[in-house]
Student: 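Sharing a structure below in structure tokens format, with a few things to ask.
Please read all numbers here as calculations on a predicted model, not as lab measurements.
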Amino acid sequence: MDTLNHGLGTIDYVIFGIYVLVIISVGLAVSRKNKQSTEGYFLAGKSLPWWAVGASLIAANISAEQFIGMSGSGFVIGLGIASYEWMAAITLIIVAKFFLPVFIDKGIYTIPEFVEKRYNSTLKTILAIFWLCLYIFVNLSSVLYLGGLALETILGIPMMYSIIGLALFALVYSVYGGLSAVVWTDVIQVAVLVVGGFATTYIAVSFIGDDSFFAGLGNLIEASPDHFKMILDKDNPQFMNLPGIAVLIGGLWIANLYYWGFNQYIIQRTFAAKSVNEAQKGLVFAAYLKLIIPFLVVIPGIAAYVITQDPEMMAKLGAGASNFLPSLDHADRAYPWLTQFLPMGVKGLVFAALAAAIVSSLASMLNSTATIFTMDIYKEYINKQASDIRLVNVGRITAIIALIIAVFMAPMLGAIDQAFQFIQEYTGLVSPGILAVFMLGLFYKKTTTKAASIGVIASIPIALLLKFLPLDLPFLDQMLYTFILTIAIIVLVSLDTSENDDDPKAIVLTNKMFITSAGFKIGAYIVCIITAVLYALFW
């Protein structure tokens, strides 16, 4: 790290320019194939190999939400926030083994489509509207805001111009080419964000260790031991965000199972795989990548905390170090602030990594928003006889409109701190109810449509009640209790309406569905062992 050099140098612009040209060129080139069919546009022609599925899953997942938001939480909370990543690795194995085979067996395009097959079109529409609102008003808006914050900090570009620039970049290739363009550019994006993320971690930690990375790791842990606790004590001021052992046995499972198992812009990649086996291997590959994400995004946040608390290190960075200085009240500045001190060339690479993370997630969310609206609302209620070309064009228009709304919404998020926690908390208002509907729909044959509809609608006031009652409950605990209460409502209503019979639309599960390859089993066991070791090291 060096003294402040605001903005990018010539070599940085060259590196970033090459990245932009490659992404747009690959996206447009891939777009030429299958772009006029619904399967080609929305499911990439069901042709994806495992490594493309896994890379695209991570590129869709890792965004400004992680690079900026999770790094900010690392600044405030520490490594404990990595539970979202390391527990996600286990969740991916569960999804691959138990959920995915059922979805692919049903041959669906969207998660709401599965709801229609298991329940009815009314419940499908309710959930489709839930997801559209969530994607536009929470996910797209927050990614654009955090991306704009990064550009404003690194380059000094005003927030609104940064947001518009990122939106246009994502629009250029994703809206035209559909999922094929998104996935194949994601393979490049994930490589860039891993290399760029490791570069930031290595340089920041080495700075703390006087040019020695391993000495820096020791100094980092010594300077802030509380930031290296995975399980927080109840007297920790961040306990409400990560409520101790309840993280491992409570609400975080709700968040992860919903996100990785029933979230359209994530699971859509697996629907596009060549086969169930390829999709499962892709999920295992993604699980391995999840294990390294905290070292790319959380450690830099902790490093920023340690540096800002040390007057000697701050003095080495020069007078400009006070610009956009992160603090406990402005934690999301941590990662952008750190990048200001990277050497020329490296800064361009890291800037490309940030852009890759932001744009790949935007593209994924746009494609899934377009897919849900087109296949579950437009085709269902507006034009049942629409041709493939009409459906693809409707999808493109939907993506453009969603992005315009998100661009105007994004600046309004500037008043919040720890945006990662904001996203988790407000997604958590709807996810427990949706997860309950899916879990019982998959594995409880007596679940009726009436019960599922009552349960998912009731889950919202239950979640709001738990949130605003003076119970002082961590939001992850609120999610767990909402899930349990929704399950109870659905089961009780189902028993009242179904008597002793299984629901006519119950999923028939067979042993054949859940047969997995030896490679999948070995990979899954290794992921579980590594996760257990990581928790043991930082308990």
Side-chain angles (χ1 to χ4, degrees), residues 43-62 82-109 111 114 179 182-184 186-187 190-191 194 248 252-294 364 435 438-439 441-443 507-536:
L43 290 184
K46 293 192 175 182
S47 62
L48 300 182
W50 65 269
W51 49 271
V53 171
S56 187
L57 278 167
I58 297 304
N61 166 242
I62 302 302
S83 281
Y84 278 94
E85 305 301 304
W86 290 342
M87 286 178 64
I90 306 295
T91 306
L92 283 162
I93 304 300
I94 295 171
V95 171
K97 172 68 176 175
F98 297 107
F99 302 166
L100 184 63
V102 182
F103 292 151
I104 292 183
D105 181 69
K106 295 298 178 183
I108 60 176
Y109 278 72
I111 288 293
F114 173 81
L179 190 63
V182 173
V183 169
W184 290 111
D186 278 351
V187 174
V190 81
V194 168
L248 294 183
L252 192 49
W253 284 111
I254 310 302
N256 273 323
L257 286 170
Y258 161 76
Y259 182 87
W260 293 103
F262 308 107
N263 184 350
Q264 177 66 26
Y265 80 83
I266 292 297
I267 203 69
Q268 187 170 351
R269 277 118 182 91
T270 62
F271 297 163
K274 290 179 180 179
S275 64
V276 175
N277 186 44
E278 288 290 296
Q280 289 175 324
K281 288 193 291 186
L283 285 166
V284 172
F285 178 44
Y288 281 109
L289 292 174
K290 288 302 284 182
L291 293 175
I292 68 172
I293 295 302
S364 300
L435 180 64
F438 277 100
M439 294 294 282
L442 282 170
F443 303 115
I507 301 294
V508 178
L509 302 176
T510 64
N511 291 333
K512 187 178 178 181
M513 280 185 185
F514 303 110
I515 294 174
T516 53
S517 66
F520 170 81
K521 291 176 182 175
I522 293 169
Y525 286 137
I526 293 172
V527 167
C528 294
I529 291 168
I530 293 174
T531 306
V533 169
L534 287 169
Y535 270 97

Student: Side chain of Y288, backbone of I526: donor and acceptor closer than 3.5 Å?
Tutor: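 No, the answer is negative, given that no donor and acceptor are paired below the 3.5 Å cut-off.
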Student: Please report the closest heavy-atom contact between A89 and L291, naming both atoms and the distance.
Tutor: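 Minimum heavy-atom separation between A89 and L291: CB-CD2, 3.8 Å.
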Student: Closest approach of A279 and I104, non-hydrogen atoms and distance?
Tutor: CB-CD1, 4.0 Å
Student: Where is the tightest heavy-atom contact between K274 and P49, given as atom of each residue plus distance?
Tutor: CE-N, 4.3 Å
Student: Please identify each residue that fulfils side-chain contact (heavy atoms from CB on, under 4.5 Å) with A88, with sequence neighbours left out.
Tutor: N256, W260, K290
Student: Sequence neighbours left out, what passes side-chain contact (heavy atoms from CB on, under 4.5 Å) with A96? Give chain and number order.
Tutor: Q280, L283, F520
Student: So, do F114 and F262 have ring centers that fall under 6.0 Å from each other?
Tutor: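 Here the rings of F262 and F114 have centres that are no less than 6.0 Å from each other.
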Student: With rounding to the nearest 0.5 Å, note down the distance linking CH2 in W86 to CG in L248.
Tutor: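 It comes to 11.5 Å.
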Student: Tell me, please, which residues at least two apart from W253 pass side-chain contact (heavy atoms from CB on, under 4.5 Å).
Tutor: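 Counting only residues at least two positions away or on another chain, W253 forms a side-chain contact (heavy atoms from CB on, under 4.5 Å) with M87, I90, T91, I94.
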Student: As a quick check of understanding, evaluate side-chain contact (heavy atoms from CB on, under 4.5 Å) for T270 and F103, giving each step before the final call.
Tutor: CA-CA 9 Å; T270 62; F103 292 151; over 6 Å; no
Student: Can you list every salt bridge (charged side-chain N to carboxylate O under 4.0 Å, His left out) pair that touches residues 91-103, not counting sequence neighbours?
Tutor: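 Every pair satisfying salt bridge (charged side-chain N to carboxylate O under 4.0 Å, His left out) with a residue in residues 91-103: there are none.
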Student: Using the test ring pair (Phe, Tyr, Trp, His ring centres under 6.0 Å), find all partners of F285 that sit at least two apart in sequence or belong to another chain.
Tutor: W50
Student: Taking all atoms of both residues into account, what is the closest heavy-atom pair of I93 and A287, and its distance?
Tutor: CD1-CB, 4.3 Å
Student: Got a sec, which residues hit side-chain contact (heavy atoms from CB on, under 4.5 Å) with A286, two or more places apart in sequence or on another chain?
Tutor: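 By the side-chain contact (heavy atoms from CB on, under 4.5 Å) rule, A286 matches L57, I58, L92.
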Student: Who passes side-chain hydrogen bond (donor to acceptor under 3.5 Å, both in side chains) against Y525, sequence neighbours left out?
Tutor: none
